[in-house]
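Data block below; observations after.
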Amino acid sequence: MTATNTARDPANAMITVPTPPDFTEFWARTLDSLPDPIPTLAHLPSLSTDTVAVFDLRYTSYQDVEVAAWYAVPRAEGRVFPGLVTIPGYISEPDVPRRWAELGYATISVAPRGKLRSNAVVNPGYPGLLTHHIVDHHTYGYRGFYADVIRALDVLAARPEVDAQRIGVQGSSQGGGLGIISAALRPDLVRCFAAGAPYLCGIWEATKLTHSYPYEEITEYLRAHPGHAEAIQRSVAYYDGMNFAPLVRCPSYVYLGLADDVCPPETGFAVFRALGGDKVLDTYEGCAHHAGLHWVRAKFEAFLARHLNPEAVA
Amino acid sequence: MTEFDAYWQAVDAELAEVPASPVLTPVPARSTVDFTAYDVRLTSIGPYRIFGYLSVPTGGGPFPAVLETPRYGSVNQPPHYRDRLRYLTFTVMHRGQRLADEPFQAAYPGLATLGIEDPLSFVYRGIVADCLRGAEFLLNRPEADPARVAVTGDDLALLTAARRPRFTAVRSSGPPEVEPEIADHLRLHPDQAERIRHTRSFFDPDRHAGSITANVLRVGRDHQLTHRDAVDDAALDSWLAGQLGVAPMSKFDLVPR
C-alpha cells in the first residue's frame, strides 16, 4: 500500500539506528582479515591522454576476491600527488577519473565486487546487491564491498607517487555513504571527504520513506520473506552510515536534495548531525537525487582542493 | 531506396524472421494488490535472448502503457512504483546489460564504440532491434489501450517511436552521454572518423524524426531542464501523464505505509 505525504519535515525528522554491541569488533575483525592486496597496474594507452596516464588496477580484497579499478595519474615527472578515491553509485559503473587527475589528484575509481569488472567471483546482480545475504551480518554482500573500498585507500596510500597524508574520498549516493564509512574505518588515511545524497544511512527507516530503488529492494524482499524483518533490521545496523558517522574525525562536505526520493533527505540530515569532525552541509530545494549537482560540483571540488592542495596539470 | 531506408528495413526484416517466443514469469516479490510483475524473456535478432520487466495494473483495463527503453549503462532498474500504479509498464534490457548479458556482457566504457567502424557491425544495430522487439511485445499486450501507449528513454525512444509508429507519445531525455567514448576512440583511430560519422548517421534521431507520428517531448529542445531534478521530473511526469490521461504523481511524496 502507498500514501502520499506532503507534510514531511526532513531537517527535523528523528532517525535512530541501534548500534550493535560488537559493532567496533566486527569491523576490526573484518579489516584484520584482509589479505595482502598485491596490487598490479597495467597501463592503458587507449584511455590515457597527454596529461593523464590511466591504468587498469587490480588488487586482492576480502575473502581473496580480485577487485578492479581505474587509476589515473597526472603526467608530471618527479611530483608527489594528493590521492583521491572515487566510488560509484549503486547502479553505476566507475568512471575513468581523468578529470580528477587533470586537477592534480592521483585517483582510484574503484569497482567493488559485483560491479562489471569485479564480478567474476561475486555477482549479486542488480537489483540484488542490497539484499544479498542480508539476513546475516556476517555474510551480507556489503561486507566485502565495504572492504573493497577500504583496500582501495590502502593501495593508494602505498603508491610512491602519492602523498599518504593528503588522501580524500569523493562520491555521491552509494559513493557518499562509502565516503562516511571510509573516513570512519581509516581515520589515519582519509583527510577529508565530499558526500552527496548519502545512501546506506538510516537504511531501515529509508524503506519506510520511499518507494524508489534501491531501498525498494528491501520492501520487495520483505514481501517474499515477511518473517525476516527483525533479522534484516539487526543485520543492516552493522552497515549503516549512522553508526559510522560518530567515528569520523576529518572534515566533510555533505550535500542533499530536499526532494530526494532515492535517499530520503531525512536520512541525510540525520547522518550529518551524527558526523564527527568539522562539517559543512548544503541543501538544494527542488532537487532529488542529483542533490544540486549542477551547482555543487564546483563547491565540492573547492572543498577537496582546500584540504588536499592539488596542482592541476592542464 | 536510400541506404538509410535499406538499412532499417533490413533490421525489420531480420526481426520479423525471428519469433519473439515470450516467456513470462510472475514475480510475487515485485507484485502488490495494485499490480502484478513479471520477468520477461524475448528473442531478438542474432538470435539473442533479451530481458524485460513487465508490470500489469490490477483491474479490467485496458490500461495506458509505457515502454521504457534502456538507459546507457549496465543496469536498468525495474519501473518505478508510481508508474506501475498508473500504467502497464515494460522496461527493456538490451543485449549486454544486466539480465541480458549472456553470452555478451557490455563494457562501460566501451559499448558506445563497439563495432562502430561499420553500420552492420555496430552493436547499436542489435540494440535498436531489441527495443523494437520490446515495442512489439508491449503494443500487442491485450491489457494495453492502443490509443494510449508511450515510449520513454534517450535517443532509443525516438528511434523506437519512428520505427514502430503506433505510439501516442514519446518522451526523450536527449542523447546518451557517450561523446567522451567516441572522442577516445577517434583519438586512437583518427583514420576512422569518416566511417564513424557514417555509422552514427543511421542512428541520428533527426533523420528518423519524419517517421514519428507520436506527440514528442525532447529534453533540450521542447523542454529545458532547470537542473532541479525533482522539479524537472515533475514536469516530465506531468507531460506524459497528460498524454496518457492519468494524474501526475511525485516520487518524493509517494511513501510506503
Side-chain angles (χ1 to χ4, degrees), chain A residues 1-8 45-49 70 90-96 98 115-117 119 123 125-128 131 207-217 219-225 257-262 264-265 284-295, chain B residues 27-35 37 53 71-85 93 96-99 101 105-111 113 177 180-181 183-185 187-189 225-235 247 249-257:
Chain A
M1 298 293 287
T2 61
T4 56
N5 182 348
T6 55
R8 289 165 68 172
S46 62
L47 294 175
S48 300
T49 66
W70 306 116
Y90 188 74
I91 64 170
S92 305
E93 298 302 329
D95 292 332
V96 180
R98 284 189 306 223
K115 293 293 178 188
L116 281 182
R117 297 170 62 236
N119 68 4
N123 190 9
Y126 292 85
T131 57
T207 66
K208 303 173 190 170
L209 290 166
T210 182
H211 265 308
S212 295
Y213 291 97
Y215 288 123
E216 185 72 359
E217 284 186 28
T219 303
E220 291 176 353
Y221 182 97
L222 287 169
R223 268 190 216 120
H225 307 285
L258 293 179
D260 186 346
D261 60 287
V262 177
Y284 291 87
E285 289 277 359
C287 289
H289 200 47
H290 289 175
L293 188 61
H294 185 68
W295 302 277
Chain B
V27 183
R30 220 163 46 237
S31 302
T32 71
V33 294
D34 296 312
F35 47 76
Y53 292 116
R71 73 185 194 106
Y72 187 74
S74 59
V75 176
N76 293 286
Q77 313 242 48
H80 194 274
Y81 196 97
R82 70 167 175 186
D83 295 329
R84 286 185 267 166
L85 289 173
M93 257 53 62
Q97 292 183 313
R98 297 274 184 169
L99 303 171
D101 54 358
Q105 188 180 75
Y108 299 91
L111 183 70
T113 58
E177 294 179 11
E181 287 189 43
D184 279 350
H185 188 89
R187 198 176 63 252
L188 213 60
H189 306 285
L225 294 178
T226 68
H227 299 291
R228 289 177 168 80
D229 50 329
V231 173
D232 291 328
D233 177 74
M249 193 176 281
S250 164
K251 288 179 181 174
F252 183 65
D253 294 329
L254 190 68
V255 298
R257 67 179 178 197

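Below, read A as the first sequence line, B as the second, and so on, with proteins coming before strands; counting in each chain starts at 1.
Of the two parts of A/Arg117, neither the backbone nor the side chain holds a non-hydrogen atom closer than 4.5 Å to a non-hydrogen atom of chain B. Looking at A/Glu285, the atoms closer than 4.5 Å to chain B (heavy atoms on both sides) all sit in the backbone: N, CA, C or O. Contacts between B/Arg71 and chain A at a heavy-atom distance below 4.5 Å involve the side chain alone, from C-beta outward. With a 4.5 angstrom heavy-atom cutoff, A/Leu47 touches chain B via backbone and side-chain atoms both. Of the atoms belonging to B/Ser250, not a single heavy atom falls under 4.5 Å from chain A. With a 4.5 Å cut-off on non-hydrogen atoms, B/Ala234 does not touch chain A at all. Using a 4.5 Å cut-off between heavy atoms, A/Leu209 contacts chain B through its backbone alone, with no side-chain atom that close. Using a 4.5 Å cut-off between heavy atoms, B/Arg30 touches chain A through backbone and side chain atoms alike. At a 4.5 Å heavy-atom cutoff, A/Asp95 makes no contact with chain B through either its backbone or its side chain. Proximity to chain B (any heavy atom under 4.5 Å) is shown, for A/Val262, by neither the backbone nor the side chain. The parts of A/Tyr213 that come within reach of chain B are both its backbone and its side chain, each placing non-hydrogen atoms under 4.5 angstrom from that chain.
A/Arg8 forms a cation-pi arrangement with B/Phe252, by the criterion of a distance under 6.0 Å to the ring centre and an angle within 45° of the ring axis. For B/Arg228 and A/Trp295, the positive end sits near the middle of the six-membered ring, less than 6.0 Å away and at most 45° from its axis.
Note: A/Cys287 leads A/Cys287, A/Ser92, A/Ser212, A/Gly257 in heavy-atom pairs under 4.5 Å with chain B. For the options A/Glu216, A/Glu217, A/His290, heavy-atom pairs under 4.5 Å to chain B are most numerous at A/His290. Here B/Ser31 is the residue among B/Pro180, B/Ser31, B/Ala37, B/Pro28 with the most heavy-atom pairs under 4.5 Å with chain A.
With ring centers used as reference points, B/Tyr72 lies under 6.0 Å from B/Tyr108.
Using the six-membered ring where Trp is involved, B/His227 and A/His294 have ring planes that are parallel, under 30° apart on the 30 and 60° scheme.
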Determine, step by step, whether B/Arg187 and B/Asp184 satisfy the salt bridge (Lys or Arg N to Asp or Glu O under 4.0 Å) criterion, reporting the C-alpha distance in whole Å, the side-chain angles of both residues, the deciding distance to 0.1 Å, and the verdict.
CA-CA 5 Å; B/Arg187 198 176 63 252; B/Asp184 279 350; 2.8 Å; yes
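A/His211 and A/Thr219 share no donor-acceptor pair across their side chains, judged by distance under 3.5 Å alone. Using modelled atom types, one finds no donor on one side chain facing an acceptor on the other under 3.5 Å when comparing B/Gln97 with B/Ser74. Judged by distance alone, the side chains of A/Asp261 and A/Thr210 never bring a donor and an acceptor atom under 3.5 Å apart. Side chain to side chain, A/Glu220 and A/Tyr215 fail the donor-acceptor criterion of an N or O pair below 3.5 Å.
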